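What you see is a predicted model, and the numbers here were worked out from it, not measured in a lab. Counting from 1, the numbers follow the sequence of the chain as shown.
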Amino acid sequence: MSCDTHMISLLLQSCQKDLVKDNGYKYFVQVLGDTSMQCEYRTMAAFAISAVVNKYPMGQERCLQSGVVGTCLGQLEEPNPVLRQWLAICLGRLWQNFDSARWYGARDNAHDKLISLLWDEIPDVRAAAVFALGTYLLNTSEDGTSEMRVTIDQAVGSALLQLMNDASPVVRMELASALHGLTLLYEKQFHIAALHFSEGKRVAATNLTTSVTPTGWIHVTIAPQDSDGENEGGSTASTNIPTPNSPLSTSLSGNSQHSISNGIDSLASHAHNGELQSSSVGGPPGDLPPTSRGSISNGEASGKQFFEDLPKSKSAPGGASLGARNWYQQIWRGMVYLASDPFPKVADAAQHVVHGLHDKLRQKPQAKMIGATLVASYSAPCSPKDAGHTVKCATLGAAGMKFRQPKSGMASSAIMSRVKSELTSLPPTGRPKAPSPDPSSSGDEDDEGESSLHALSTQFCDWCCKYFANPLMKQPSECDPASPGYQQREYRFIRNHLVREEMARSCLPLSGSRINDQIFVNREARPAQLLKFHPYQPQLAVIHRNCWSIWDIEQGSKVTSFQENCTYSTAKITAAEFINPHDISFLLVGSEDGAVHVWRDYCQENSEAQKPTLVTAWRGLLDMLPVSKRVGMVLEWEQQTGLLYASGDVRHVRVWDTHKELMVQDIPTHADSSVTCLTSDSAERSLLIAGCGDGTVRLYDRRQPSNSSLVLTLREHQGWIVNVLMQQYGSESTIVSCSVGGEVKTWDPRFMKSVGTYNLSPTINVCDIHPRAPLLACASHQQQAIRIFNLERNEVLNTIRYHDGFMGQKIGSSNCLAFHPYKVLLAHGGVDGMVAIYSTERKKLSGR
C-alpha cells in the first residue's frame with residue numbers, strides 16, 4: 001500500500017463513491033482491525049477510512065455496518081501518537097451529522113474513551129480528540145432531548161472546559177468549535193447564560209431566576225439575599241425581555257433600542273440594596289453589551305473566575321452535578337474567555353460566536369427591527385391581612401416611561417413557582433434556523449429551515465492530511481549531508497562552538513580589565529524596558545512596553561521593529577528569551593497579563609511579504625494578583641529540557657513543557673509576595689531558585705512533589721530581590737543575589753548562610769549578573785552611573801558615567817542592564833532612549 005498519489009487522491013469526492021460502490025473500503029477496514037499489522041499501516045488505513053466517510057452519508061453507513069466505531073475505540077490506547085490521532089479523526093468524521101454512529105459510540109462509552117485523550121502528551125492527539133468530541137456533541141435527530149443525551153453533553157462539555165489554558169492554539173481552536181456546537185444545541189439556554197454573564201458580580205449577589213415563557217419572552221425574577229445567601233422573604237423584582245423568537249414586533253426608533261443587560265443591572269442593584277418600594281426603574285436605558293474587541297477584553301477578569309468553580313477531575317464525569325443553569329453559564333463564560341485568547345485566530349473564532357449570540361439577542365432574524373421593552377414588577381412583603389398585592393409595571397417605549405395596572409392578587413410565591421415551573425419545563429435543546437456560524441462557510445439551508453447544525457469550521461483535518469503528502473519511508477532531507485539544510489545546520493554548530501571557545505579564553509585575563517569601551521550606541525524612540533543578547537549571533541533585542549526591535553550590533557543598524565500584539569492587547573512586556581538559539585532561533589516574550597507569545601523570522605525587514613510570524617501563544621499565568629508594585633511575568637527558559645518556568649505576581653511557579661505544550665507542574669512559592677526573578681541549575685537540572693519581593697531567596701527541588709519542593713529559604717536580604725542567578729564559573733556553581741538596598745550576597749546551595757557579602761551602593765534598581773564570568777553590573781534611577789563589580793576579587797572594576805567621545809554627554813538614568821551570555825559585553829538602556837554596549841576591548845566584538 002503506497003502513501004503517495006493514491007492515498008492523497010482518496011481525499012477527492014469521486015474516490016469515495018468508487019470505494020463504496022466496489023467495496024474497496026473493506027480492505028482498509030480489514031487492515032485497521034488487524035492489530036498484528038504495523039502501526040504505520042493501520043494509520044494509513046484510518047486515514048483512508050476517514051476520507052471515505054468525510055461528508056458522505058453512504059460511506060458513513062457502510063463503515064458503520066463494518067464495525068469501524070468499535071475498531072477505532074478499541075485502539076485509542078495504542079502507543080503510536082499518529083495512529084491515535086487518526087483514529088480520533090476517523091471517529092469524528094464517521095459520526096459527523098450521522099446520528100446512528102453517534103449512538104453506536106454512546107453504547108460503547110465513546111465519550112469517556114475520547115475524554116482520556118484530552119490530556120495526551122501530543123498536542124495533535126488532543127486536538128483530534130476535541131474534534132471528535134465536538135462532532136459527537138452535535139445531534140440532528142428528534143430524540144436529542146433525551147436525558148441520556150443531556151447527561152453526555154454535560155459530561156463532555158465539563159471535560160472540554162479543562163482545556164481552556166492548553167498551550168496549543170490548535171487545541172484551543174478545536175475547543176472553540178466544539179463549544180460553539182453546544183451553543184447551537186442549547187441556544188435559548190445560552191441566551192439566558194449570556195444575560196447572567198453580562199451582569200457580573202452584582203447579579204451574582206442576588207437571587208436571579210430566568211426562564212423562557214411559552215410566548216418567547218425571557219422572564220427574569222430577582223430577589224434580594226441576606227448575608228448568608230438566603231432569600232430574605234422581602235420584595236422581588238421581575239422583568240420580561242423579548243427573545244429572537246418572541247412575537248413582539250414593535251417598530252421603534254434607533255434611540256429606543258434599550259438595554260437588556262442594563263435593565264437587569266438596574267433591577268439587580270435595587271434588589272441588592274433593598275430599594276424596591278419605588279415603581280420606577282432606577283437607571284437610564286442603554287445599549288446591549290458592545291461587540292467591540294475591547295469590550296471582550298474588559299470582561300476577561302470575569303471570564304477567568306469560572307476556573308475556580310470547575311470540577312478538578314480530568315474526566316469530569318459528574319458534569320451534570322454543576323446544575324443545569326450553572327453548567328450553561330460555565331460553558332458561556334469559557335467561550336467569552338476564549339474571545340480574549342492571546343492567539344488571534346482563536347480569539348477571532350470565539351468572538352464571532354459571542355457577537356453572533358449578542359446579535360440574536362438584539363434583533364429577530366426575520367424582522368426589520370425589534371422593540372426592547374423592559375417590564376419591571378415589584379411586590380411588597382405579604383401581610384397577614386392581605387395576602388395579595390398590587391403590582392405596578394413600568395414599560396419603557398419610544399415615548400418614554402408609562403405605567404399600567406396589571407391584574408392584582410398574584411402573590412410573590414405564585415410568581416416564583418410559575419417561573420420555576422417554566423424553567424424546569426424548558427426543553428433542553430433549541431435548534432437555530434440560521435446555521436452559518438463561520439464567515440467563510442456558505443451556510444446553505446433548506447426552505448423549511450430544518451437543516452443540520454454546523455459549528456465553526458476549522459482546517460485541522462486538512463492540515464493533518466498533509467502528513468501523508470510526503471513519503472513516510474524516506475529519510476528527511478535534513479539528514480542528507482549533501483542537502484543545503486544539513487550544511488546550514490552544520491555551519492551553525494561550528495559557529496556556536498567557536499563562540500563558546502572564545503568565552504573560555506576571554507575570561508582568563510579578566511581580573512585586571514575594565515569594561516568601559518563603548519562599541520555601540522544608538523537612540524530608540526522609546527525607552528528600553530528589557531535588553532536581551534542573542535547567544536551566538538550579533539543581535540540585541542530591545543524590548544519596549546508592547547513592542548520590540550532587533551539591532552545588528554556589528555553594523556550598528558536596526559534590523560527590524562515590530563509592534564507585538566498591538567491589535568489584541570496593550571499589556572506591558574516584562575520578560576523575553578531567545579529559544580533554540582543554537583539552531584533556528586525564536587523570540588519568546590511574556591506580558592504582564594500572563595500571555596506568552598513566540599515569534600519566528602523576528603529579524604525580517606518591515607514589509608508585507610516578510611515580517612515576524614506568530615508561531616504560538618498561550619496564557620502562561622492565569623491568576624495575576626493586584627499588587628502595589630507590579631512585577632508582571634517572570635520567565636526562565638531551560639534549553640536542554642525545553643521547560644519554561646513562569647511566575648511573577650502569583651503565588652506559584654508554573655512549569656510548561658514546550659514539547660508537549662502542556663503545563664506539567666505548579667510549584668507553590670510559599671511566599672506572601674511576588675516572585676521578582678527566577679533562575680535554574682542548567683547543569684544538574686534539579687534546582688529552581690526564586691527571588692521574592694519580601695527579600696527571601698527560595699530554593700526548590702523539582703524532583704520532589706510540588707507541595708514539598710521547597711527545600712531552603714535564604715533570609716539574609718532585607719529588601720526586594722532585584723536579581724538572582726545560578727552562576728556557572730569554573731567547576732563550581734554559586735548562587736548570586738542582589739537586593740534593592742545595594743547588598744550582594746553569594747551562596748553555596750548546600751548551606752543556609754551566605755559565603756560572601758558586598759555592599760555596592762545605597763540603592764539598586766537594575767542589576768544583571770554574568771552567567772559565566774564573576775561580573776555584576778548595577779545602577780539606580782537616582783544616580784546616572786553604572787557600577788561594574790568583580791565578584792572574584794571583591795572589587796569595583798570601573799564606573800561608567802559618560803558616553804564616549806569628546807565632550808561626551810552623561811548617560812541617562814538606567815532602565816535595564818544585560819550581559820552577553822558568552823562574551824564580556826554589557827548593554828545599557830536609559831530612560832532617554834539611548835542604548836549602548838560596553839566591552840573590555842573593541843576587538844572583542846568580532847563577527848562569527
Side-chain angles (χ1 to χ4, degrees), residues 506-507 509-533 538-545 549-558 722-723 738 740-744 758-770 773-821 823-847:
S506 62
C507 286
L510 190 61
S511 58
S513 302
R514 294 165 58 90
I515 306 177
N516 60 356
D517 195 352
Q518 190 177 78
I519 61 174
F520 173 93
V521 61
N522 266 294
R523 183 183 294 273
E524 286 274 6
R526 286 164 287 188
Q529 304 295 328
L530 288 170
L531 297 171
K532 200 73 178 180
F533 279 103
Q539 296 173 357
L540 176 68
V542 181
I543 311 296
H544 304 287
R545 178 176 177 83
S549 57
I550 304 296
W551 287 83
D552 187 324
I553 60 178
E554 288 185 347
Q555 303 297 328
S557 60
K558 182 184 292 187
V722 179
N723 200 356
C738 179
V740 70
E743 194 175 45
V744 177
Y758 318 101
N759 293 315
L760 299 185
S761 64
T763 58
I764 291 178
N765 298 107
V766 292
C767 171
D768 195 40
I769 307 164
H770 201 290
L775 297 174
L776 181 144
C778 60
S780 64
H781 297 324
Q782 292 78 13
Q783 299 177 354
Q784 294 177 257
I786 308 170
R787 303 189 70 186
I788 302 173
F789 191 77
N790 189 316
L791 297 174
E792 186 179 38
R793 301 183 60 183
N794 190 15
E795 65 177 6
V796 176
L797 286 180
N798 60 281
T799 302
I800 303 173
R801 292 187 173 88
Y802 298 93
H803 292 288
D804 276 357
F806 180 71
M807 299 288 291
Q809 68 180 26
K810 197 170 186 178
I811 65 173
S813 298
S814 302
N815 257 2
C816 48
L817 292 169
F819 274 111
H820 193 286
K823 297 180 180 181
V824 186
L825 299 178
L826 174 66
H828 169 260
V831 295
D832 56 357
M834 298 294 292
V835 177
I837 299 177
Y838 300 91
S839 175
T840 55
E841 300 177 23
R842 288 186 184 274
K843 64 179 181 181
K844 292 296 181 182
L845 191 61
S846 57

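- Counting only heavy atoms from C-beta outward, the side chains of Leu530 and Cys816 never approach each other to under 4.5 Å.
- In plain terms, the two heavy atoms of His544 and Ser549 that are nearest each other are NE2-OG, 4.0 Å.
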Checking side-chain contact (heavy atoms from CB on, under 4.5 Å) for the pair Leu776/Cys767: CA distance, chi angles, key distance, verdict?
CA-CA 7 Å; Leu776 181 144; Cys767 171; 3.9 Å; yes
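- Heavy-atom minimum distance, Pro527 versus Val831: CG-O, 3.3 Å.
- Side-chain contact between Val796 and Asn790 is absent, with no heavy atoms from C-beta onward closer than 4.5 Å.
- Residues meeting the side-chain hydrogen bond (donor to acceptor under 3.5 Å, both in side chains) test with Gln784, sequence neighbours left out: none.
- The distance from atom CD1 of Ile764 to atom CG of Asn723, rounded to the nearest 0.5 Å, is 10.5 Å.
- Electrostatic pairing of Glu524 and Arg526 does not count as a salt bridge here, judged by no charged N lying under 4.0 Å from a carboxylate O.
- Closest non-hydrogen pair, Ala818 versus Phe533, comes out as O-CE1, 3.4 Å.
- Nearest heavy-atom pair, Val744 versus Cys738, reported as atom, atom and distance to 0.1 Å: CG2-SG, 3.8 Å.
- Rounded to the nearest 0.5 Å, atoms CD1 (Ile837) and CG (Asp517) are 12.0 Å apart.
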Quick one, Ile800 with Tyr802, criterion side-chain contact (heavy atoms from CB on, under 4.5 Å). Give me CA distance, side-chain angles, the key distance, then yes/no.
CA-CA 6 Å; Ile800 303 173; Tyr802 298 93; over 6 Å; no
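- Remark: Tyr838 OH to His803 NE2 distance equals 5.5 Å, nearest 0.5 Å.
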Let's go through Ile519 and Leu825 carefully: what are the C-alpha distance in whole Å and the side-chain angles of both, what is the deciding distance for side-chain contact (heavy atoms from CB on, under 4.5 Å) to 0.1 Å, and is it a yes or a no?
CA-CA 9 Å; Ile519 61 174; Leu825 299 178; 3.7 Å; yes
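- Taking CG of Asn798 as the start and CG of Asn516 as the end, the distance is 5.0 Å to the nearest 0.5 Å.
- Aromatic ring orientation, Tyr758 versus Phe789: tilted (interplanar angle from 30° to 60°).
- From His770, atom NE2 reaches atom CG of Leu826 across 9.0 Å, with rounding to the nearest 0.5 Å.
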side-chain contact (heavy atoms from CB on, under 4.5 Å) for Leu775 and Ile515? Distances and angles first, verdict last.
CA-CA 10 Å; Leu775 297 174; Ile515 306 177; 3.7 Å; yes
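- Every residue two or more places apart in sequence or in another chain that forms a side-chain hydrogen bond (donor to acceptor under 3.5 Å, both in side chains) with His828 is listed here: Ser814.
- Annotation: side chain of Lys558 is not in contact with side chain of Ile550 (no heavy-atom distance under 4.5 Å).
- For the pair Gly556 and Trp551, the tightest heavy-atom approach, listed with the atom from each and the gap, is O-CZ3, 3.9 Å.
- Between Ile769 and Phe819, the shortest heavy-atom contact is C-CD1, 3.8 Å.
- Here the side chains of Val542 and Leu531 are in contact, with some heavy-atom distance below 4.5 Å.
- In this structure, Cys778 SG and Ile786 CD1 are separated by 9.5 Å, a value rounded to the nearest 0.5 Å.
- Under the 3.5 Å distance criterion, the side-chain polar atoms of Asn815 are left unmatched by any main-chain donor or acceptor of Gly829.
- Arg523 places a side-chain N or O within 3.5 Å of a backbone atom of Asp832 that can act as its donor or acceptor partner.
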